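Throughout, numbering of the chain's residues begins at 1 and tracks the sequence. Because the structure is predicted, anything quoted here is derived from the model rather than measured.
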Amino acid sequence: QLQLVESGGGLVQPGGSLRLSCAVSGFTLKDYHIGWFRQAPGKEREGVSCISRDNTVTKYADSVKGRFTISRDSAKNSVHLQLNSLKPEDTAVYYCAAGLTLFSTMCSVVPGQFPYWGQGTQVTVSS
């Protein structure tokens, strides 16, 4: 059974950092591109970042570019999202998701292209 489990969320002050992890099981991580998304209360789910199957392509939303970094650890079957210089507007539930792509260099931040989702981890940025 394909499963994704996020961890690493929490309460942090503005300017602080968190490292989110997405542990996957039931499938081979290298066969999927992975996306991170977030959803704040009353808002639509937003694509934050993605990484291609072969790790050569990463994408970031403009709002997090230069502050967030996505990485893949195939040996541990996990994907990480490093969140630095956090702002109150980063407060949301963060989800990781897995999807198949035609080409190994493709990745997407469109939620509809991901059939497999974790249950999310809460990130709260507040003083």
Student: Could you tell me which residues satisfy salt bridge (charged side-chain N to carboxylate O under 4.0 Å, His left out) with Arg45, sequence neighbours excluded, listed by chain and number?
Tutor: none
Student: Tell me which pairs pass side-chain hydrogen bond (donor to acceptor under 3.5 Å, both in side chains) where either residue lies in residues 6-18, with sequence neighbours left out.
Tutor: Ser17-Asn84
Student: Report whether Val48 and Leu4 are members of the same hydrophobic cluster (ILVMFWY, side-chain heavy atoms less than 4.5 Å apart, transitive linking).
Tutor: yes
Student: What is the minimum heavy-atom distance between Ala61 and Gly47, and which atoms define it?
Tutor: CB-O, 3.4 Å
Student: With hydrophobic residues grouped by side-chain heavy-atom distances under 4.5 Å, do Leu100 and Val110 end up in a single group?
Tutor: no
Student: Answer yes when Lys87 and Asp90 have at least one side-chain N-carboxylate O distance shorter than 4.0 Å, and no when they do not.
Tutor: no
Student: Test your reading of the model: is there a side-chain donor-acceptor pair from Arg53 to the backbone of Tyr32, 3.5 Å cut-off?
Tutor: no
Student: How far does CG of Leu83 sit from CG of Leu81, to the nearest 0.5 angstrom?
Tutor: 4.5 Å
Student: Quick one: CZ on Phe68 to OG on Ser49, what's the gap to the nearest 0.5 Å?
Tutor: 9.5 Å
Student: Closer than 3.5 angstrom, by distance alone: can the side chain of Ser78 be matched with the main-chain N or O of Ala23 as a donor-acceptor pair?
Tutor: no
Student: Evaluate the side chain to side chain contact (heavy atoms under 4.5 Å, CB included) criterion for residues Ser52 and Met106: first the C-alpha distance (whole Å), next the side-chain angles of each, then the deciding distance (0.1 Å), finally the verdict.
Tutor: CA-CA 5 Å; Ser52 63; Met106 289 176 60; 5.9 Å; no
Student: Dump the intermediate steps for side chain to side chain contact (heavy atoms under 4.5 Å, CB included) on Leu86 and Leu18, then the final yes or no.
Tutor: CA-CA 8 Å; Leu86 282 162; Leu18 286 172; 4.2 Å; yes
Student: Test of understanding: with ring pair (Phe, Tyr, Trp, His ring centres under 6.0 Å), list the residues that count as partners of Phe114, not counting sequence neighbours.
Tutor: His33, Phe37
Student: With clusters defined by side-chain heavy atoms of hydrophobic residues (ILVMFWY) lying less than 4.5 Å apart, directly or transitively, does Leu11 cluster with Val125?
Tutor: no
Student: Shortest non-hydrogen contact from Ala98 to Phe27?
Tutor: CB-CZ, 4.0 Å
Student: With a 3.5 Å distance limit and no angle check, can you tell me whether Thr28 reaches the backbone of Lys30 through a side-chain donor-acceptor pair?
Tutor: no
Student: Considering only heavy atoms from C-beta outward, does the side chain of Thr91 approach that of Val123 to under 4.5 Å?
Tutor: no
Student: Counting only heavy atoms from other residues, nucleotides and ligands, does the tally under 6.0 Å from CD of Glu89 exceed 12?
Tutor: yes
Student: Look at the side-chain heavy atoms of Ile, Leu, Val, Met, Phe, Trp and Tyr, link any pair under 4.5 Å apart, and say whether Tyr60 and Val79 land in one connected group.
Tutor: yes
Student: Should we say atom NZ of Lys65 is surrounded by more than 12 heavy atoms from elsewhere, each under 6.0 Å from it?
Tutor: yes
Student: Which atom names give the shortest non-hydrogen contact between Pro115 and Gly99, and what distance separates them?
Tutor: CD-CA, 3.8 Å
Student: Distance from Ile34 atom CD1 to Ser71 atom OG, nearest 0.5 Å?
Tutor: 12.0 Å
Student: Which residue pairs satisfy the side-chain hydrogen bond (donor to acceptor under 3.5 Å, both in side chains) criterion with at least one member in residues 116-126, sequence neighbours excluded?
Tutor: Gln122-Thr124
Student: Kindly say whether Asp54 contributes a backbone atom to a donor-acceptor pair with the side chain of Arg72 at under 3.5 angstrom?
Tutor: no
Student: Test of understanding: with ring pair (Phe, Tyr, Trp, His ring centres under 6.0 Å), list the residues that count as partners of Phe103, not counting sequence neighbours.
Tutor: none
Student: Got a second to check how far His80's NE2 is from Trp36's CH2, nearest 0.5 Å?
Tutor: 9.0 Å
Student: Starting from Tyr95, can I reach Leu29 by hopping between I/L/V/M/F/W/Y residues whose side chains sit under 4.5 Å apart?
Tutor: no
Student: With sequence neighbours left out, which residue pairs that include part of residues 84-127 fulfil the disulfide bond (SG atoms under 2.5 Å apart) condition?
Tutor: Cys22-Cys96, Cys50-Cys107
Student: State, yes or no, whether a side-chain contact exists between Glu46 and Ser63 at a heavy-atom distance under 4.5 Å.
Tutor: yes
